[in-house]
Number of protein chains: 2
Amino acid sequence: MFNSSILLKEYNLKVTPQRVAIVEELYKNGHMNIDDLYKNLLEKFPSISLATIYKNVNAMVEKIFLNEVKVPDAKTVYELVKEEHSHLVCSSCGKIEDIIIDTSVLNNTLSSVSNFKIDNTEVVFQGTCEKCQ
Amino acid sequence: MFNSSILLKEYNLKVTPQRVAIVEELYKNGHMNIDDLYKNLLEKFPSISLATIYKNVNAMVEKIFLNEVKVPDAKTVYELVKEEHSHLVCSSCGKIEDIIIDTSVLNNTLSSVSNFKIDNTEVVFQGTCEKCQ
DNA sequence: TTAGATGCAAATGTTTTGCATCATC
DNA sequence: GATGATGCAAAACATTTGCATCTAA
């Protein structure tokens with residue numbers, strides 16, 4: 001099972017209830033922006049501060065176990081780092097889904113026409129999800 | 001030749017010197033964030049206001065002849081809309097290059113595993129450009 | 001002449017920082 | 001007990017808005 005305390009310890013972050021809650025929210029909900037996180041955590045921690053959310057999210061992004069995803073026409077969202085994957089963003093309901101597709105075709109195409117050294121390939125599909133169609 | 005006045009007229013925007021300058025900066029430099037635009041326009045228009053830049057850039061994005069590109073680990077940049085293309089972002093010098101590669105392979109792959117209806121596919125490669133290697 | 005653009009100042013929104021207090025290790 | 005986290009308030013930064021004046025059509 002997924003254990004947020006162990007994850008935090010692995011990355012040398014002290015295990016505080018607020019941090020555990022941030023990680024668990026992200027585990028449960030997949031992608032969240034800062035505001036979503038704040039609103040949800042307020043229920044458990046009525047006096048939690050936005051500064052705490054920012055500090056922790058930034059720390060986790062630096063430790064590379066949170067991923068920052070910049071989305072066209074929407075707020076930046078955060079997610080737990082997992083297997084490399086792409087994103088589907090629904091223009092209608094705003095929901096973001098993960099999808100694992102092989103992007104190496106693109107990398108190969110790029111490498112054949114350019115000397116750019118690729119570290120990472122971000123793919124965001126914009127469109128309409130199944131429900132909203 | 002490229003004519004920014006005609007472009008503005010086509011999209012029902014009054015042709016002002018500030019707007020012409022914005023379009024021409026983007027034509028010349030490719031991708032710019034709000035701050036870059038502001039700094040460059042200040043030379044021509046010492047009293048131009050940031051509000052003017054924001055208002056105009058937003059208007060042009062709405063008219064769909066500017067494109068807003070959200071870049072991982074950097075400020076949002078704007079570019080003139082052209083043929084669909086992907087972006088190469090150099091982690092070392094920050095430069096953004098355009099590259100035209102066929103993303104339909106990805107779209108086909110996605111369509112075969114999901115019912116998501118794709119309107120647009122954004123691809124951003126992060127890595128190191130030729131110069132910085 | 002009219003509709004809309006500009007620049008300024010103020011308002012709003014977002015993110016970061018400093019610091020006293022508190023919790024984890 | 002020491003190191004670092006939290007929450008608060010303030011600061012810094014980013015973006016939008018209202019309005020008087022000016023300009024393009």
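No experiment lies behind these values; they were computed from the predicted model shown.
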How is [X] classified with respect to the nucleic acid when contacts are heavy atoms under 4.0 Å: base, sugar-phosphate, or nothing?
X        : answer
Ile48(B) : sugar-phosphate
Thr52(A) : base
Thr16(B) : sugar-phosphate

Exercise. Within the distance-only criterion (no hydrogens, no angle test), does the side chain of Thr103(B) pair as donor or acceptor with the backbone N or O of Leu106(B) below 3.5 angstrom?
Worked result: no
Problem set entry | Polar side-chain atom of Ser91(B) near backbone of Gly127(B) as donor-acceptor pair, under 3.5 Å | yes
Rounding to a whole Å, what distance do you find between [X]:[atom1] and [N]:[atom2]?
X        : N       : atom1 : atom2 : result
Tyr38(A) : dC8(D)  : OH    : C1'   : 11 Å
Glu62(B) : dT16(D) : CD    : P     : 10 Å
Leu37(A) : dT14(C) : CG    : P     : 15 Å
Leu13(B) : dA3(C)  : CG    : P     : 17 Å
Glu68(A) : dT14(C) : CD    : C1'   : 13 Å
Leu50(B) : dA10(C) : CG    : P     : 16 Å
Lys70(B) : dT15(D) : NZ    : P     : 10 Å
Leu8(B)  : dA24(D) : CG    : P     : 13 Å

Exercise. Think Gln18(A) has a side-chain N or O under 4.0 angstrom from the OP1 or OP2 of dG7(D)?
Worked result: yes
Exercise. Does Asn12(A) make a side-chain N or O approach to OP1 or OP2 of dG4(D) shorter than 4.0 Å?
Worked result: no
Exercise. With a 4.5 Å limit on heavy-atom distance, are the side chains of Val77(A) and Met32(A) in contact?
Worked result: no
Problem set entry | Validation row: Ile6(B), Glu10(B) side chains within 4.5 angstrom (heavy atoms) | yes
Exercise. Is the shortest side-chain N to carboxylate O distance from Lys82(A) to Asp98(A) below 4.0 Å?
Worked result: yes
For this session: On DNA chain C, check which nucleotide each of Lys9(A) and Asn58(A) is closest to and give me the residue with the more 5' one.
Result: Asn58(A)
For this session: Could you please name the option among dT15(D), dT16(C), dT6(C) that lies closest to any side-chain atom of Arg19(B)?
Result: dT6(C)
Check: [N] base within 3.5 Å donor-acceptor of [X] side chain:
X        : N       : value
Lys75(A) : dG13(C) : no
Lys55(A) : dG7(D)  : yes
Lys14(A) : dT3(D)  : yes

For this session: Could you check Pro17(B) against Tyr54(B) and say which one's nearest nucleotide on DNA chain D is further toward the 5' end?
Result: Tyr54(B)
